[in-house]
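Structure first, commentary second.
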Amino acid sequence: MKESEIAAICKALGDEKRVQIIKMLTGGELCACKILDAFNITQPTLSHHMKILADCNLVNSQKEGKWTYYSINCVTFSDFKNAVSEFTCKTSTTKKSSGKCCCGDN
């Protein structure tokens, strides 16, 4: 997964409501009306959130009549999880001895 794709997903998930929507969708496909019922937001606001999630390919949408159904794009979601899992946190085992940066700028 490209860094730009990871960044786009992180940006999309930078909103609490969108994180909650993704958590809801981990249980399976949902109609927009079910998602809307879970929040105190308007339908246009939900559409805005879903567009952001769809634009980074994190969710799929399927229109059936007047209803839209949303689901997680499992390929993108798995790729994102794998990409993030590659990030590590290592602590240095050596102490700074001189207090100077290795590049010489202080």
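Throughout, numbering of the chain's residues begins at 1 and tracks the sequence. Computed from a predicted model, the values in this text were never measured in an experiment.
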Legend entry - Rounded distance (nearest 0.5 Å) linking atom CG of N57 with atom CG of D79: 10.5 Å
Inset, instruction - Taking all non-hydrogen atoms of both residues into account, name the closest pair between T76 and C56 and its distance. - result: CG2-O, 3.9 Å
Legend entry - Gap separating the CD atom of E29 from the OH atom of Y69, nearest 0.5 angstrom: 7.5 Å
Legend entry - Heavy-atom check, side chain of N73 versus side chain of V59, under 4.5 Å: no
Legend entry - Neighbour count >12 (heavy atoms, 6.0 Å) for atom CG, D37: yes
Legend entry - Shortest non-hydrogen contact from K34 toward M24: O-CE, 4.1 Å
Inset, instruction - For I35 and Y70, run side-chain contact (heavy atoms from CB on, under 4.5 Å): C-alpha distance rounded to whole Å, both residues' side-chain angles, the deciding distance at 0.1 Å, then the answer. - result: CA-CA 9 Å; I35 299 169; Y70 294 99; 4.1 Å; yes
Legend entry - side-chain contact (heavy atoms from CB on, under 4.5 Å) partners for I41, two or more places apart: K17, L36, F39, T45, L46, H49
Legend entry - Flag side-chain contact, heavy atom, 4.5 Å: N82 against F77: no
Legend entry - Identified side chain to side chain contact (heavy atoms under 4.5 Å, CB included) counterpart of L53 within the set I9, L58, D15, L25: L58
Legend entry - Within 6.0 Å of NZ in K63, more than 12 heavy atoms from elsewhere: yes
Legend entry - Side-chain touch M50/R18, heavy atoms, less than 4.5 angstrom: no
Inset, instruction - Could you grab the distance from atom SG of C31 to atom NZ of K66, nearest 0.5 Å is fine? - result: 10.0 Å
Legend entry - Side-chain heavy atoms of W67 within contact of C33, under 4.5 Å: yes
Inset, instruction - Using the test side chain to side chain donor-acceptor pair (under 3.5 Å), find all partners of D55 that sit at least two apart in sequence or belong to another chain. - result: K51
Inset, instruction - With rounding to the nearest 0.5 Å, note down the distance linking CE in M1 to OG in S78. - result: 9.5 Å
Legend entry - E64, CD: over 12 other non-hydrogen atoms inside 6.0 angstrom: yes
Legend entry - Closest heavy-atom pair and its distance - A12, I52: CB-CG2, 3.7 Å
Inset, instruction - Working to the nearest 0.5 Å, report the span between OG1 of T42 and NE2 of H48. - result: 10.5 Å
Legend entry - Residues clustering with V75 (ILVMFWY side chains joined when closer than 4.5 Å, directly or via others): none
Legend entry - Rounded distance [0.5 Å steps], CD in Q43 versus OG1 in T68: 8.0 Å
